[in-house]
Asker: 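Structure provided below as structure tokens; questions to follow.
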Amino acid sequence: MFENLPTELTELILMQLSMRDAFRSSTVSKNWIHAWNTIPKLVLDDKNFTQADNKESMFVEFVDRVLSSRKGPIVQFHLSTSIKHKRKINRWLFLSSRDKIKELHLEVRRRGGKKYWVSSRLFSCHELVHLKLVNCKLTPHKTSKLDELALVDLPMITEINIRNTKVRQLNIVGDYDSFQLENQSIVSATLTNKKPSRRFRDVQDLHTIFFCKNLVHLEISGYENVVLPAVRDMKLETVKLNLATSLSGSITNLISQCPQLKNLDVTTDATDYQEIQVVSKSLQSLKIGRCYYKLQLACPQLINASIYIDTDLYYWDSVDHYSRSVKSFSYL
């Protein structure tokens, strides 16, 4: 029965198994041995060897055997390990990436938060489109074409500088001190701080994201003392601000400098409110939280609106006259 299974089905079964079980299954038949040596996705994790006394040496021997017996290209390669042999990791990356690898996930677990330096040889993989690094250091090559970049909770990293990269979609999550984000390639950016109680020394640098002239989608959440600069003719279509403290700068000016703005969502935990004038010919969706003492709307294209209303803080002008197109209106 196993001898007659199509190669594609055999490979699919093998990719659903843990690496050790998949390797053992090669004893089922000669066809399975061939399928094992040609499956395009390899997931290698030394956590599968936790019960062995000499788990490190066993894992090293296992990976060496797997990669040396390969007869087909590796398209996806996931490696998660805590071994200390840097040369071994470098060799495995070389063996896995010498063909047509498109996806690489690398996690190197080390005590004390020590980082693994990824070899610049990685950038010789011209078909690589998805790269995920955990506890690693990497200096991007000048010719690299990074389309999406996610930096999530990087320990011992204080400064984020991506001014000279080709990143189009940016996602930053974590507690950092300073930012240099001006980058004309960025189209979409999401910046999230999960620890808003901590004061930032240079958080004002976060405003450099507004100087990305091609930015269309922007979300900022959890940061303190965010500056809204006066930048003209921004291409922003969606802006979502959920901040821990007050905004420095005028929301009114931000709106006026975004002629293509369609979606706006602003909430803060601050108690020093602004007078906000939402004057936009393009705005279609609006959500305003407790951040104003006077609100004026003039949005002829507005369709959906959610506005915070409080008995001791409520003054709101011109909704009926200037925004008659509103179809959905709710109070927060």
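Note that the coordinates shown come from a computational prediction; the quantities given were computed from them, not determined experimentally.
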Asker: What about Phe94 and Leu106, same hydrophobic cluster or not, with Ile/Leu/Val/Met/Phe/Trp/Tyr joined at side-chain heavy-atom distances under 4.5 Å?
Answerer: yes
Asker: Would a 4.5 Å heavy-atom cut-off, applied to side chains only, mark Lys47 and Arg109 as touching?
Answerer: yes
Asker: If every non-hydrogen atom of Ile186 is compared with every non-hydrogen atom of Leu170, which pair is closest and at what distance?
Answerer: CD1-CD2, 4.0 Å
Asker: Say you draw a straight line from OG1 of Thr238 to NE2 of His217; how long is it, rounded to the nearest 0.5 Å?
Answerer: 6.0 Å
Asker: State whether a side-chain donor-acceptor pair under 3.5 Å links Ser80 with Glu107.
Answerer: yes
Asker: Under 3.5 Å, is there a donor-acceptor pair between the side chain of Asn135 and the main chain of Val108?
Answerer: yes
Asker: Grab the two heavy atoms, one from Met234 and one from Phe210, that are nearest each other, plus how far apart they are.
Answerer: SD-O, 3.7 Å
Asker: Would you mind telling me which of Ile220, Ile160, Asn171 makes a side chain to side chain contact (heavy atoms under 4.5 Å, CB included) with Leu191?
Answerer: Ile220
Asker: Between the main-chain N or O of Lys213 and the side-chain N or O of Gln184, is there a donor-acceptor pair closer than 3.5 Å?
Answerer: yes
Asker: Measure the CG-CD1 distance between Leu295 and Ile307 for me, rounded to the nearest 0.5 Å.
Answerer: 5.0 Å
Asker: Any side-chain heavy-atom pair from Val231 and Phe211 closer than 4.5 angstrom?
Answerer: yes
Asker: Looking at Glu103, Lys41, His105, which one forms a side chain to side chain donor-acceptor pair (under 3.5 Å) with Gln76?
Answerer: Glu103
Asker: Distance check, rounded to the nearest 0.5 Å: Lys102 atom NZ versus His130 atom NE2?
Answerer: 14.0 Å
Asker: Specify the closest pair of heavy atoms between Leu42 and Ile74, including all atoms of both residues, with the distance to one decimal.
Answerer: CD1-CD1, 3.5 Å
Asker: Given side chains that start at C-beta, do those of Leu302 and Val278 come closer than 4.5 Å, heavy atoms only?
Answerer: no
Asker: Say whether, by atom type as modelled, one donor and one acceptor occur between the side chain of Thr208 and the main chain of Leu181 under 3.5 angstrom.
Answerer: yes
Asker: Rounded to the nearest 0.5 Å, how far does CG of Asn214 lie from CG of Leu236?
Answerer: 10.5 Å
Asker: Ile89 and Met58: same hydrophobic cluster, using ILVMFWY side-chain contacts below 4.5 Å?
Answerer: yes
Asker: Can you hop from Ile83 to Val134 via hydrophobic side chains spaced under 4.5 Å?
Answerer: no
Asker: Is there a donor-acceptor pair closer than 3.5 Å between any side-chain N or O of Ser282 and the backbone N or O of Lys262?
Answerer: no
Asker: Counting N and O atoms only, with roles assigned by atom type, does the side chain of Asp147 sit under 3.5 Å from a partner on the main chain of Val129, one being a donor and the other an acceptor?
Answerer: no
Asker: Under 4.5 Å between any side-chain heavy atoms of Trp92 and Val60, yes or no?
Answerer: yes
Asker: To check you understand the geometry: which heavy-atom pair defines the closest contact between Leu67 and Phe77, and what is its length?
Answerer: CD2-CE1, 4.3 Å
Asker: Verify, without hydrogens or angle tests, whether Thr252 (side chain) and Gln277 (backbone) share a donor-acceptor contact under 3.5 angstrom.
Answerer: yes
Asker: Is there side-chain contact between Cys299 and Leu286, with heavy atoms separated by less than 4.5 Å?
Answerer: no
Asker: Over all heavy atoms of both residues, which pair between Val75 and Ile101 is shortest? Give the atoms and the distance, please.
Answerer: O-CG1, 3.5 Å
Asker: To the nearest 0.5 Å, what is the distance between CD1 (Ile172) and CD (Glu219)?
Answerer: 13.5 Å
Asker: Is it possible for you to say whether Val279 and Leu283 belong to one hydrophobic cluster, with membership spreading through side-chain heavy-atom contacts below 4.5 Å?
Answerer: no
Asker: Do Phe62 and Leu44 make a side-chain contact, defined as non-hydrogen atoms from C-beta onward lying under 4.5 Å apart?
Answerer: yes
Asker: Kindly compute the distance separating OG (Ser185) from CD (Gln169), expressed to the nearest 0.5 Å.
Answerer: 12.5 Å
Asker: Would you say Ile209 ends up clustered with Val216 if hydrophobic residues are merged whenever their side chains have heavy atoms under 4.5 Å apart, either directly or through other cluster members?
Answerer: no
Asker: For a 4.5 angstrom cut-off between non-hydrogen side-chain atoms, does Val63 reach Asp46?
Answerer: no
Asker: Does the side chain of Glu56 reach to within under 4.5 Å of the side chain of His85, using non-hydrogen atoms?
Answerer: yes
Asker: Grab the two heavy atoms, one from Leu128 and one from Leu104, that are nearest each other, plus how far apart they are.
Answerer: CD1-N, 3.9 Å
Asker: Can you tell which of Thr267, Thr192, Asp265 makes a side chain to side chain donor-acceptor pair (under 3.5 Å) with Asn242?
Answerer: Thr267
